[in-house]
Structure formats: C-alpha cells, structure tokens
Amino acid sequence: MAGQRQPIDLLKAKGKKHLTKAEIEERERTEIKAPADKVTAPAYLTPEQKKKFKKIVKDLRAVNLVSNLDVDALARLVIAQEKYIAVTQELEKQPLMIEIEVTTDRKDEFGKPIMCIREVVNGNLERLALLQDRYFRQCRQGAADFGLTVSSRCRLVVPKPESGKEEANKFKKFAS
C-alpha cells in the first residue's frame, strides 16, 4: 500500500527518494500551494474565540502550516474546544447519584400509595458525558489535522538541509 503523497520539498530534504530533475520540476509545477495572506478569524467567532484563534494561527504560521483554506476548520476546532470545556465544567457540577421519589405497591391507611425515596444514577450526567465525548473527538481530530498533537507533529517534521556543509569525503586523507 502506498503512503500519502508528500510535498517535493519534504522529499528533497529527506533525500531518500531519487527523482530526476524533470520529475522534480513536474512535481513542483503540479503541487498546490495555498496562500496564507488572509488567515483571519471568522466573524461568527466570539471575541474570546477570536483570541484563541489568533494564538493558534500565530503558532501555525511559525512552522508554515496554515493557509487561507484552513480558516473555517480552525474556527470549528476553537468552537469545539470551548464547548468541550463548558460541558466538562457542567459535568463536574453534576452528582453521580440523585434521589427521586417513587411510588410503592403499598398503600397507607387512606388508600393512597406510599412514596419512598430511591437513589438512582443521574441521567443528566450520562447525557453530558456523551456530549463531552463528542466534543473531545472533534477537538482531537481538529488538533491532529493542524499538527497540534505530539503524534501529528512527529509526522510533520521536515529535516533541515545542511547549509554550506560539504559532504565529508572519507578518501580525502589519502589524496595528499
């Protein structure tokens, strides 16, 4: 199975794939490079979300990993992160067990059913936990897409070419 297609700059930096000059020129000519001149927070974000958006963009620009095409996906990541935090905070406030009043089969002296209190699992807790899991998955996927996780950054590392260094010739010492 073939791996994902890698940019030609990455292939040249790695030096593992031997391409002809014509193949390199063809790859450079056909590769799509999206501009990154209009990476601004969308209007639908709150001021707090816009601050977070700008912070992430600043970090992504430092490693040249953001373009104009990423704006909406990054905005969705910021929204999902905020929702995840809100649901998590609400989840922490919820008790695991709640007391409810239930009717029993017994009746009092007037013929009315006797009520008793039972402890049951809080249904609201389960609903919030499902929401939290959903937002967590969105956050994790968005973070991986932008190289914001350790494992995704490991896949994005581009070896830096050695500048001005000539390859050492192991036979040079015998030449003189």
Side-chain angles (χ1 to χ4, degrees), residues 1-94 96 124-168:
M1 179 188 282
Q4 285 187 339
R5 186 178 172 114
Q6 296 178 338
I8 192 65
D9 291 337
L10 177 61
L11 290 176
K12 287 193 296 188
K14 284 182 175 179
K16 291 184 180 177
K17 189 163 184 158
H18 302 288
L19 299 172
T20 64
K21 289 180 182 180
E23 289 172 325
I24 291 172
E25 286 176 15
E26 177 66 19
R27 291 279 296 263
E28 286 175 343
R29 190 179 59 75
T30 58
E31 274 184 11
I32 297 171
K33 292 189 172 119
D37 58 341
K38 296 177 184 166
V39 182
T40 57
Y44 57 84
L45 293 180
T46 66
E48 179 87 14
Q49 291 169 337
K50 285 181 182 181
K51 278 173 55 176
K52 182 140 184 136
F53 180 93
K54 288 174 185 175
K55 181 187 177 299
I56 294 172
V57 166
K58 180 182 173 189
D59 293 341
L60 290 174
R61 276 196 172 150
V63 290
N64 200 22
L65 283 178
V66 69
S67 75
N68 297 346
L69 302 173
D70 301 321
V71 169
D72 283 325
L74 187 55
R76 287 189 297 271
L77 170 63
V78 169
I79 292 169
Q81 286 176 335
E82 185 178 88
K83 297 290 185 192
Y84 173 80
I85 291 167
V87 169
T88 300
Q89 289 171 343
E90 185 60 35
L91 200 54
E92 289 172 355
K93 296 176 190 174
Q94 297 290 320
L96 177 61
N124 198 30
L125 190 74
E126 184 177 356
R127 184 183 62 80
L128 286 170
L130 289 172
L131 273 175
Q132 182 191 38
D133 182 56
R134 193 172 295 155
Y135 287 128
F136 176 78
R137 288 175 195 219
Q138 290 174 9
C139 290
R140 185 178 59 200
Q141 183 59 51
D145 290 345
F146 285 105
L148 302 176
T149 63
V150 173
S151 58
S152 63
R153 274 194 310 277
C154 288
R155 290 190 299 258
L156 296 172
V157 171
V158 179
K160 294 180 183 173
E162 295 179 23
S163 57
K165 249 189 173 180
E166 287 185 31
E167 193 173 307

Any chance CD of E126 has more than 12 other-residue heavy atoms, nucleotides or ligands included, within less than 6.0 Å? no
Distance (rounded to the nearest 0.5 Å) between R140 CZ and D133 CG: 8.0 Å
Short N-O contact, R76 and D72, less than 4.0 angstrom: no
Contact check, side chains of Q132 and L128, non-hydrogen atoms, under 4.5 Å: no
Go through D59 and V66 one step at a time and tell me if the side-chain contact (heavy atoms from CB on, under 4.5 Å) criterion holds. CA-CA 9 Å; D59 293 341; V66 69; over 6 Å; no
Is the closest side-chain heavy-atom distance between K93 and E90 below 4.5 Å? yes
Mind checking the NZ-CG spacing from K52 to L45? Nearest 0.5 Å is all I need. 12.5 Å
Would you say the side chain of V71 lies within less than 4.5 Å of the side chain of T40, judging by non-hydrogen atoms? no
CG on L91 to CD on Q89, rounded to 0.5 Å: 11.0 Å
Under 3.5 Å donor-acceptor, D70 side chain and S67 backbone: yes
List the steps and the verdict of side-chain contact (heavy atoms from CB on, under 4.5 Å) for V39 and L60. CA-CA 11 Å; V39 182; L60 290 174; over 6 Å; no
Check step by step if side-chain contact (heavy atoms from CB on, under 4.5 Å) holds for Y44 and I79. CA-CA 10 Å; Y44 57 84; I79 292 169; 3.9 Å; yes
Just wondering, are more than 12 heavy atoms of other shown residues or ligands nearer than 6.0 Å to CZ in R137? no
How far does CD of Q141 sit from CZ of F146, to the nearest 0.5 angstrom? 10.5 Å
Between Q81 and Y84, is a side-chain contact (heavy atoms from CB on, under 4.5 Å) present by the stated rule, with each step listed? CA-CA 5 Å; Q81 286 176 335; Y84 173 80; 5.6 Å; no
Is there a donor-acceptor pair closer than 3.5 Å between any side-chain N or O of E23 and the backbone N or O of T20? yes
Shortest non-hydrogen contact from P42 to A75? CG-CB, 3.7 Å
In this structure, are over 12 heavy atoms from other groups packed under 6.0 Å from K50 atom NZ? yes
What is the distance from atom CG of L74 to atom CG of L69, rounded to the nearest 0.5 Å? 12.5 Å
Test your reading of the model: is there a side-chain donor-acceptor pair from N68 to the backbone of D37, 3.5 Å cut-off? yes
